[in-house]
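Note: hydrogens, waters and symmetry copies are ignored here, and every other heavy atom, side chains too, is used.
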Amino acid sequence: MIDLSLMDALVRAVRRGGRIILIGDSDQLPSVGAGNVFFDLIESEKIKTVKLSEIFRQAKESMIINNAHRINTGEPPVLNSTDSDFFFVRREDEREIPQTIASLITTRLPRVYGKDIKDKIQVITPSKKGYGGVEVLNLELQSKLNPKLKFTKEKSYAGKLFREGDRVMQTTNNYEIEWEKDGYVGNGVFNGDIGVIDSINDTAEEMIIRFDDRVVHYSFDLLDELELAYAITVHKSQGSEYPVVIVPVYSCPKMLMTRNILYTAVTRARRMVILVGKADIPTKMVQNNRLILRYTTLKYRICTYYD
């Protein structure tokens, strides 16, 4: 995930004579910011690199790991495995995807794994648009997971409706906003941070959001930095992991139906992955090994320096 500016800051902060050890996955999506740092470092062949490619015995029982390996090597994932941690729910009519995912979260999974699993599920989707996209899914999941109650307060802002109890995401880096945790006050809420709305106060014109143990007061003029996060895009999920991940697989722009997007989505899960949608889409995504071409000079500069 590291981009050029962040890598530059890191290198400048390391004392002369120090060492940097980078651990990552070059097969995931590139950083949101400029550059392709991790990939370029490896491609230069000037940086000592160790690549882990073998699935060891303890991991062979996990279909998440096995299917991630299959996707990465150009093979479609196994979708018909039973008694595993990787499941497929077939819905050839894409209009059924939102209701199916809502049913999984509210009824089917809690019935088998207990009510607590609802808070451990994250829906990750390739696109914002379409029946399996962020916009449709967030509206559907908000209505099913956090319906309007008599005493529940709401706030409409710029076409978005926020409700007490909603799961929300910070969409930009805000280095100034204050948070409090156990009496300690700090600064900064960052792009991709997910929290829950504790309360909405129309009189004070603010919203209180809890990001894990950090409590943040958002004035209403900062609400353009927030969006619902029952479902998020694969790009927004980079660098995060969740116990359970549900991935809609449906027809969306070809540039988003790619191998590394499916691979990144699947590898966000620790305990369980559920794909919901059309049976042919995972194979199409694996076959589409389109990579985003980034024009950088980092590899050239490293090779020139070492020569």
Classify the side-chain pair [X]/[Y] by whether it contains a donor and acceptor separated by less than 3.5 Å.
X: Asn36; Y: Thr296; value: no
X: Gln238; Y: Thr264; value: no
X: Arg91; Y: Thr100; value: yes

Do the side chains of [Y] and [X] get nearer than 4.5 Å, heavy atoms only?
X: Lys160; Y: Leu223; answer: no
X: Ile208; Y: Val215; answer: yes
X: Glu75; Y: Val286; answer: no
X: Gln170; Y: Leu226; answer: yes
X: Asp212; Y: Arg214; answer: no
X: Asn72; Y: His69; answer: no
X: Tyr250; Y: Ser127; answer: yes
X: Ile281; Y: Met285; answer: yes

Under 4.5 Å between side-chain heavy atoms, counting indirect links through other Ile/Leu/Val/Met/Phe/Trp/Tyr residues: same cluster for [X] and [Y] or not?
X: Ile121; Y: Val168; answer: yes
X: Val273; Y: Tyr113; answer: no
X: Leu104; Y: Val136; answer: no
X: Met257; Y: Tyr263; answer: yes
X: Leu275; Y: Met63; answer: yes

Rounded to the nearest 0.5 Å, how far does [atom2] of [Y] lie from [atom1] of [X]?
X: Ile197; Y: Lys153; atom1: CD1; atom2: NZ; result: 13.0 Å
X: Ile124; Y: Ser240; atom1: CD1; atom2: OG; result: 8.0 Å
X: Glu140; Y: Leu145; atom1: CD; atom2: CG; result: 9.5 Å
X: Ile261; Y: Leu256; atom1: CD1; atom2: CG; result: 5.0 Å
X: Asp116; Y: Leu109; atom1: CG; atom2: CG; result: 13.0 Å
X: Leu79; Y: Thr283; atom1: CG; atom2: OG1; result: 7.0 Å

[X], [atom1]: over 12 other non-hydrogen atoms inside 6.0 angstrom:
X: Phe86; atom1: CZ; value: yes
X: Lys148; atom1: NZ; value: yes
X: Lys128; atom1: NZ; value: no
X: Lys254; atom1: NZ; value: no
X: Tyr242; atom1: OH; value: yes
X: Tyr300; atom1: OH; value: no
X: Arg294; atom1: CZ; value: yes

Could you tell me which non-hydrogen atom of [X] sits nearest to which non-hydrogen atom of [Y], and how far apart they are?
X: Pro282; Y: Leu262; value: O-CD2, 3.9 Å
X: Asn146; Y: Gly165; value: ND2-C, 3.3 Å
X: Leu137; Y: Gly132; value: CD1-O, 3.2 Å
X: Lys118; Y: Thr106; value: CD-CA, 4.2 Å
X: Val276; Y: Ile97; value: O-CD1, 4.2 Å
X: Asn138; Y: Ala231; value: OD1-N, 2.8 Å

Only counting residues at least two apart or in another chain, list the ones meeting salt bridge (charged side-chain N to carboxylate O under 4.0 Å, His left out) with Glu176.
none
Under 3.5 Å: donor-acceptor pair, side chain of [X], backbone of [Y]:
X: Gln142; Y: Leu139; answer: no
X: Arg271; Y: Asp85; answer: no
X: Ser103; Y: Gln99; answer: no
X: Glu164; Y: Ile200; answer: yes
X: Lys284; Y: Asn288; answer: no
X: Thr171; Y: Glu225; answer: yes
X: Arg163; Y: Glu154; answer: no
X: Glu241; Y: Arg270; answer: no
X: Thr233; Y: Lys236; answer: yes
X: Glu45; Y: Cys303; answer: no

Evaluate the side chain to side chain contact (heavy atoms under 4.5 Å, CB included) criterion for residues Cys252 and Lys129: first the C-alpha distance (whole Å), next the side-chain angles of each, then the deciding distance (0.1 Å), finally the verdict.
CA-CA 8 Å; Cys252 60; Lys129 304 294 184 180; over 6 Å; no
Linking Ile, Leu, Val, Met, Phe, Trp and Tyr by side-chain heavy atoms under 4.5 Å, what else ends up with Ile47?
Ile2, Leu4, Leu6, Met7, Leu10, Val11, Val14, Ile20, Leu22, Val37, Phe38, Leu41, Ile42, Leu298, Ile302, Tyr305, Tyr306
Side chain to side chain contact (heavy atoms under 4.5 Å, CB included) for Tyr157 and Asp224? Distances and angles first, verdict last.
CA-CA 8 Å; Tyr157 184 90; Asp224 59 340; 3.8 Å; yes
Quick one: ring-ring contact (aromatic ring centres under 6.0 Å, His included) pairs with a partner in residues 176-213, sequence neighbours left out?
Tyr175-Phe190, Trp179-Tyr184
Kindly indicate, with the supporting measurements, whether the criterion salt bridge (Lys or Arg N to Asp or Glu O under 4.0 Å) is fulfilled by Arg95 and Asp93.
CA-CA 5 Å; Arg95 294 171 294 182; Asp93 186 343; 3.0 Å; yes
